[in-house]
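Values below: every heavy atom of this structure, side chains too, minus hydrogens, waters and symmetry copies. For ligands, and for the atoms within them, numbers begin at 1 and follow the listed sequence.
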Amino acid sequence: MTSVLDPKEQAAQWWATDIIKMSPGVIQFHGYPIQELIGQLSFTAMIWLMLKGDVPNPEQETLFNAALMAGVDHGPQAPSIAIARMAMSCGVGINNAMASAANVLGDVHGGAGEQCLEFFQRIQQGIEKGLDLDSAIQNELHAFFASGKKYVPGFGHRFHPIDPRSRPLMQLLETAEHAHATTGNYREIALGVEHHIASLKSRPVPMNIDGATAAIYGALGFPAALCRGLFVLSRSVGILTHAWEQNQASTRNKGPMPKGWLWSYTGTPERNLNTPEA
Ligand SMILES: CC(C)(COP(=O)(O)OP(=O)(O)OC[C@H]1O[C@@H](n2cnc3c(N)ncnc32)[C@H](O)[C@@H]1OP(=O)(O)O)[C@@H](O)C(=O)NCCC(=O)NCCS
């Protein structure tokens with residue numbers, strides 16, 4: 001027999017959620033009243049509570065905070081930042097500028113962390129099935145290159161021969177590991193992959209921020225798909241700041257290149273509508 005819910009109960013179940021309880025005078029996140037959280041929980045710890053349903057321990061919070069902090073900005077060379085600034089110069093609201101920027105954080109720009117953690121997780125699974133670290137890494141690298149892919153996500157950088165963000169993040173990951181605040185073998189996997197790529201290539205291909213944050217988010221137990229969301233959250237700080245700076249500037253309708261610089265035209269040479277072509 002099918003039970004028929006009354007309309008109010010149907011409405012209550014429509015948006016049923018584990019995240020927030022709210023009624024007049026009551027706001028609770030995963031059971032914690034907001035008035036207790038205010039002043040006690042940092043913004044970083046709040047993100048953790050929202051996503052994981054409980055508060056981080058101090059070592060987890062320090063590590064999570066560092067990963068979120070390290071990726072806030074990479075300057076207007078990054079398409080998302082340039083887009084935020086161009087959008088702002090068109091006279092849109094700051095939310096439109098931020099949304100335009102966040103919308104281009106896709107598989108190629110901003111997605112490397114998610115892809116890298118998926119890669120690390122396959123190696124972690126190999127270890128859990130009994131492989132030693134080197135064999136688990138070699139298997140995955142072999143499968144990766146054999147599939148025709150050339151660039152392992154999370155390694156190499158267009159601008160930085162050594163990404164200055166990676167080593168301090170990995171050191172913090174090591175500290176958290178020693179405090180038993182992490183899970184898995186993500187630090188040694190990340191360092192091992194870096195070592196194995198270097199042995200296959202003509203020059204080293206050091207770990208970049210996406211590789212380091214992927215190792216951290218994996219070690220903190222976040223699923224790979226959340227890596228991208230966390231990167232968007234982090235980069236939103238830079239997006240907001242650049243949009244705001246642009247808002248204070250007098251430039252209007254700012255294009256991707258300075259005035260007077262033009263693109264190459266690669267189409268049909270000039271022709272005439274009334275002259276038949278030979
Ligand atoms: C960012 C990136 C495009 C920079 O590439 P680049 O420094 O211009 O590298 P090049 O294309 O000149 O390649 C130089 C050599 O390094 C190798 N290499 C560079 N990045 C590599 C990577 N991630 N994995 C494996 N090999 C890599 C190339 O295969 C090439 O080797 P070869 O000389 O034997 O052919 C590239 O490293 C990459 O796509 N990385 C993965 C994506 C990523 O993590 N993006 C986030 C960046 S913060």
Side-chain angles (χ1 to χ4, degrees), residues 64 66-84 101-124 126 133-173 186-219 222-239 241-242:
F64 188 45
L68 288 170
M69 183 282 263
V72 293
D73 190 16
H74 200 242
Q77 268 284 354
S80 52
I81 299 289
I83 285 167
N103 266 329
V104 298
L105 293 172
D107 285 346
V108 177
H109 176 31
E114 176 182 3
Q115 294 150 13
C116 181
L117 182 52
E118 284 168 356
F119 185 73
F120 288 168
Q121 281 172 338
R122 288 197 293 276
I123 297 171
Q124 178 69 40
L133 177 72
D134 283 333
S135 307
I137 291 174
Q138 277 163 354
N139 285 358
E140 285 307 322
L141 277 178
H142 178 78
F144 185 86
F145 291 125
S147 72
K149 293 181 193 142
K150 187 175 170 190
Y151 298 102
V152 181
F155 296 85
H157 204 286
R158 277 195 183 83
F159 296 102
H160 306 298
I162 304 262
D163 189 326
R165 301 164 289 190
S166 305
R167 292 293 159 231
L169 287 172
M170 293 306 281
Q171 276 161 10
L172 286 170
L173 175 53
Y186 290 97
R187 188 179 64 86
E188 46 179 11
I189 289 173
L191 293 173
V193 170
E194 183 177 55
H195 171 77
H196 279 275
I197 297 176
S199 67
L200 295 170
K201 294 288 165 183
S202 48
R203 59 176 171 84
V205 184
M207 190 188 312
N208 60 40
I209 182 153
D210 293 307
T213 51
I216 289 176
Y217 294 143
F222 286 97
L226 269 184
C227 262
R228 188 183 304 206
L230 291 170
F231 176 73
V232 174
L233 209 53
S234 163
R235 187 50 62 87
S236 293
V237 177
I239 290 171
T241 315
H242 281 275

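Listed by number with element, the atoms of ligand 1 under 4.0 Å from a non-hydrogen atom of Ile197 are 25 (C). Close contacts of ligand 1 with Val152, meaning ligand atoms under 4.0 Å from a residue heavy atom, involve 22 (C), 23 (N), 24 (N), 25 (C), 41 (C). Less than 4.0 angstrom separates some heavy atom of Gly154 from each of these atoms of ligand 1: 43 (C), 44 (O). In summary, the atoms of ligand 1 found under 4.0 Å from a heavy atom of Ser202, numbered by their order in the structure, are 33 (O), 34 (O). Ligand-side atoms of ligand 1 in range of Asp210: 46 (C), 47 (C), 48 (S), range being under 4.0 angstrom from any heavy atom.
Taking atom 40 (N) of ligand 1 as the reference point, the nearest protein heavy-atom neighbour is Phe155 O, 2.9 Å. Looking only at protein heavy atoms, the nearest one to atom 47 (C) of ligand 1 is Asn208 ND2, 3.4 Å. In this structure, the protein non-hydrogen atom closest to atom 29 (O) of ligand 1 is Lys201 NZ, 3.2 Å. Nearest protein neighbour of atom 18 (N) of ligand 1, counting heavy atoms only, is Val205 CG2, 3.8 Å. Closest to atom 35 (O) of ligand 1, if we only count protein heavy atoms, is Lys150 CE, 4.2 Å. Regarding atom 5 (O) of ligand 1, its nearest protein heavy-atom neighbour is Tyr151 CE2, 4.1 Å.
In this structure, His74 NE2 and Arg165 CZ are separated by 4.5 Å, a value rounded to the nearest 0.5 Å. Residue Thr213 holds its OG1 atom at 13.0 Å from CE of Met69, rounded to the nearest 0.5 Å. Interatomic distance, CZ of Arg187 versus CG of Leu169, reported as 13.0 Å (0.5 Å rounding). Here the CD1 atom belonging to Ile137 is positioned 13.0 Å from the CZ atom belonging to Arg122, to the nearest 0.5 angstrom. In this structure, CZ on Arg235 lies 7.5 Å from CG on Leu105, to the nearest 0.5 angstrom.
Which of Arg158, His157, His74, His196 comes nearest to atom 48 (S) of ligand 1 through a heavy atom is settled by distance: it is His157. For atom 45 (N) of ligand 1, the candidate residues are Ala112, Pro161, Ser166, Pro206; the nearest heavy-atom contact is made by Ala112.
Using a 4.0 Å threshold on non-hydrogen atoms, atom 8 (O) of ligand 1 does not count as touching the protein. Atom 43 (C) of ligand 1 is flagged as protein-proximal [any protein heavy atom, distance under 4.0 Å].
Remark: side-chain polar atoms of Asn208 are not paired, donor with acceptor, to backbone N or O of Asp163 under 3.5 angstrom.
At a 4.0 Å cut-off, at least one heavy atom of Arg203 sits close enough to ligand 1 to count as contact.
Considering backbone and side-chain atoms alike, Arg165 places every N or O at 3.5 Å or more from each N or O of ligand 1. For the pair Ile209 and ligand 1, the shortest N or O to N or O distance does not fall below 3.5 Å.
By the 6.0 Å and 45° rule, Lys201 stacks over the aromatic ring of Phe145.
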